[in-house]
Protein chains: 2
Amino acid sequence: MPEPGETPDVFHAIAEPKRRHILDLLLEGERPVQALVAEFDVSFAAISQHLRVLREAGLVARRIDGRKHVYSAEPEALDTVLEWTARYRPLWRKRLGRLGRHLDGQ
Amino acid sequence: MPEPGETPDVFHAIAEPKRRHILDLLLEGERPVQALVAEFDVSFAAISQHLRVLREAGLVARRIDGRKHVYSAEPEALDTVLEWTARYRPLWRKRLGRLGRHLDGQ
DNA sequence: ACATTAATTTAGATATAACTTAAATATTAA
DNA sequence: TTAATATTTAAGTTATATCTAAATTAATGT
C-alpha cells in the first residue's frame with residue numbers, strides 16, 4: 001500500500017522514475033490506465049498505485065468514462081517545484097553569467 | 001524505461017524535506033556541518049548522511065578547512081530538474097494563458 | 001442474471017530510507 | 001603524546017516504498 005505521506009508531496013511524487021515516465025506519457029495526451037501499463041514491465045496494480053500517488057500530489061487528473069479511467073497531466077502542480085528551483089537561479093546566474101540570465105528569460 | 005540509480009539521482013535527493021532545507025540554508029552561503037546540524041532536531045550523523053546524498057547528487061560541494069568540512073550549494077545540479085519541469089511549460093502555458101507566458105520569460 | 005472488462009484496494013513480501021548509537025578518522029590544542 | 005573537536009562511517013533498528021497476487025468494485029455485454 002503506497003501510503004502517500006500526510007501532505008500531497010509533489011517532490012516525493014516525481015522522485016520515482018516510473019512516475020516521471022507516466023507524466024511524460026501523459027504530456028502527449030490523456031490515456032486510460034491500460035495504455036500506461038503497456039509501457040512498463042510491472043503489474044497493472046503497480047501502475048494504479050503510482051497513479052494514486054500522482055493524483056494525490058495533484059499531478060494528474062482522472063476522468064471516468066464508463067469503465068475506463070482516463071488520466072491526464074496537471075502540470076500546474078509542478079509550480080511548487082519550479083518555484084523552489086527558481087530560488088536557486090540568482091546563485092546560478094552569478095556563477096554562469098550570461099547563460100544564467102538567458103535561462104532566467106531576461 | 002528510466003532505471004533508478006542510473007545516475008546520482010537529483011530528484012531523489014530533493015524529495016526529502018530536510019535535504020531541501022539544507023540546500024535552502026546553503027543558499028545563503030557556505031556552512032560547516034555543525035552550523036547545519038544546529039537547525040535540525042536530529043543527530044549530527046543524520047545530517048552528515050543527508051549531506052552525502054546531496055554531494056553524490058552533485059547538489060553540494062565540500063571544502064575541507066582544517067577539521068571543518070564546509071559545504072556550499074551547487075545549483076547547477078538542479079538543471080536536470082529544471083529541464084524536466086520545463087518540458088511541461090507548453091501545456092501549462094496553453095492552460096494558463098498570459099501567466100504561463102510570463103513564467104516562460106516571454 | 002452472469003460473465004467479462006477495467007481499474008482499485010488490500011494483504012503481505014522484500015527493498016530501500018532514515019534514524020540512532022558507537023566506533024573510526026583526522027585535525028588542532030595542551 | 002594525550003585530549004578535545006569536527007566529521008564520517010558502520011551496525012543495527014524502525015519506518016516507508018514498491019512490488020505481486022488475490023479480493024473487490026463498477027460498468028458493459030450476452
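Residue numbers start from 1 in every chain, and the chains themselves are labelled A, B, ... in the order their sequence lines are given, proteins ahead of strands.
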Peer 1: In whole angstrom, what separates B/F44's CZ from D/dA10's P?
Peer 2: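 After rounding, the reported distance stands at 17 Å.
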
Peer 1: Examine distances only and state if a side-chain atom of A/R19 and a backbone atom of A/A13 form a donor-acceptor pair shorter than 3.5 Å.
Peer 2: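 At least one qualifying donor-acceptor pair exists.
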
Peer 1: Can you check the B/I14 CD1 to C/dA18 P distance for me, whole Å?
Peer 2: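 Result: 13 Å.
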
Peer 1: Take the protein atom CG of B/D9 and the nucleotide atom P of C/dT16, then report the distance between them rounded to whole Å.
Peer 2: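 These atoms are roughly 13 Å apart.
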
Peer 1: Given atom NE2 of B/H69 and atom P of D/dT5, what is their separation to the nearest angstrom?
Peer 2: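 Rounded to the whole Å, the gap is 17 Å.
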
Peer 1: Please confirm whether the backbone N or O of B/A15 pairs with a side-chain atom of B/R20, one donor and one acceptor, at under 3.5 Å?
Peer 2: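 Confirmed, B/R20 side chain pairs with B/A15 backbone.
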
Peer 1: Using a cut-off of 4.0 Å on non-hydrogen atoms, how would the nucleic acid contact of A/R62 be classed: base, sugar-phosphate, or nothing?
Peer 2: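 Touches sugar-phosphate only.
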
Peer 1: What protein N or O atoms touch nucleotides 25-30 of chain C N or O atoms at under 3.5 angstrom, if any, and at what distances?
Peer 2:
residue: C/dT27; atom: O2; partner: B/R67; partner atom: NH1; Å: 3.4

Peer 1: Heavy atoms only: give me the nearest B/V42-B/I47 pair and the separation to one decimal.
Peer 2: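 Result for this residue pair: CG2-CD1, 3.6 Å.
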
Peer 1: Find out whether A/V81 and B/F11 are in side-chain contact, i.e. whether some heavy atom of one side chain is under 4.5 Å from a heavy atom of the other.
Peer 2: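 Not touching, per the 4.5 Å side-chain cut-off.
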
Peer 1: Hey, does the side chain of B/Y88 reach the backbone of A/A73 with a donor-acceptor pair shorter than 3.5 angstrom?
Peer 2: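 No, the answer is negative, given that no donor and acceptor are paired below the 3.5 Å cut-off.
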
Peer 1: Want to settle it: does A/A46 or B/K68 sit nearer the 5' end of DNA chain D, counting the closest nucleotide to each?
Peer 2: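 It is B/K68, whose closest nucleotide lies nearer the 5' terminus.
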
Peer 1: Rounded to the nearest angstrom, tell me the gap between atom CG in A/D41 and atom P in D/dT18.
Peer 2: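 Checked: the CG to P distance equals 17 Å.
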
Peer 1: Would A/H21 and A/F40 count as a close aromatic pair, with their ring centres under 6.0 Å?
Peer 2: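 Yes, the ring of A/H21 comes within the 6.0 Å limit of the ring of A/F40, centre to centre.
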
Peer 1: Confirm from the modelled atom types if A/Q49 and C/dT10 form a donor-acceptor pair under 3.5 Å, side chain to base only.
Peer 2: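 In this structure, the two groups form a donor-acceptor pair.
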
Peer 1: Reckon B/Y71 has a side-chain N or O less than 4.0 Å from the OP1 or OP2 of D/dT8?
Peer 2: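 Yes.
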
Peer 1: What contact category does B/F40 fall into here, base, sugar-phosphate, or nothing, at under 4.0 angstrom with non-hydrogen atoms?
Peer 2: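 Nothing, no heavy atom under 4.0 Å.
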
Peer 1: Tell me, which of residues 19-36 of chain B have any heavy atom that sits under 4.0 Å from an atom in DNA chain D?
Peer 2: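 Going residue by residue through residues 19-36 of chain B, the ones with a heavy atom under 4.0 Å of DNA chain D turn out to be B/P32, B/V33, B/Q34.
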
Peer 1: Can you check the B/E16 CD to C/dT16 C1' distance for me, whole Å?
Peer 2: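 Taking atom C1' of C/dT16 as the reference, CD of B/E16 is at 13 Å.
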
Peer 1: Do the side chain of B/Y71 and the main chain of B/I22 share a donor and acceptor less than 3.5 angstrom apart?
Peer 2: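 Checking the backbone N and O of B/I22 against the side chain of B/Y71, no donor-acceptor pair under 3.5 Å is found.
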
Peer 1: Are OP1 or OP2 of C/dC19 and a side-chain N or O of B/K18 less than 4.0 angstrom apart?
Peer 2: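 So the side chain of B/K18 is within the cut-off, an N or O lying under 4.0 Å from OP1 or OP2 of C/dC19.
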
Peer 1: Looking at B/R87, I'd like to know if its CZ atom is crowded, meaning that more than 12 non-hydrogen atoms belonging to other residues, nucleotides or ligands lie closer than 6.0 Å.
Peer 2: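 Counting neighbours around CZ of B/R87, more than 12 heavy atoms of other residues, nucleotides or ligands fall under 6.0 Å, so yes.
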
Peer 1: If you compare every side-chain N and O of A/H50 against the phosphate oxygens of D/dC19 (OP1, OP2), does one of them come in below 4.0 Å?
Peer 2: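 For D/dC19, OP1/OP2 do have a side-chain N/O of A/H50 under 4.0 Å.
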
Peer 1: Using a cut-off of strictly less than 4.0 Å, decide whether B/S48 has a side-chain nitrogen or oxygen near OP1 or OP2 of D/dT8.
Peer 2: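 Looking at the OP1 and OP2 atoms of D/dT8, one of them is under 4.0 Å from a side-chain N or O of B/S48.
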
Peer 1: Rounded to whole Å, please give me the gap between CD1 in A/I47 and C1' in C/dA6.
Peer 2: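 Spelled out: CD1 on A/I47 to C1' on C/dA6 is 15 Å.
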
Peer 1: Ignoring backbone atoms, test whether A/S43 places a side-chain nitrogen or oxygen under 4.0 Å from the OP1 or OP2 oxygen of D/dT20.
Peer 2: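 Looking at the OP1 and OP2 atoms of D/dT20, one of them is under 4.0 Å from a side-chain N or O of A/S43.
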
Peer 1: CZ of B/R52 versus P of C/dA17: gap in Å, rounded?
Peer 2: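 Rounding to the nearest Å, CZ of B/R52 and P of C/dA17 are 12 Å apart.
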
Peer 1: Return yes if some donor-acceptor pair links the side-chain N/O of A/S48 with the main-chain N/O of A/F44 below 3.5 Å, else return no.
Peer 2: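 Not confirmed, A/S48 side chain does not pair with A/F44 backbone.
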
Peer 1: In this structure, would B/V70 and B/L54 fall into the same cluster of hydrophobic residues linked by side-chain contacts under 4.5 Å?
Peer 2: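 No, separate clusters.
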
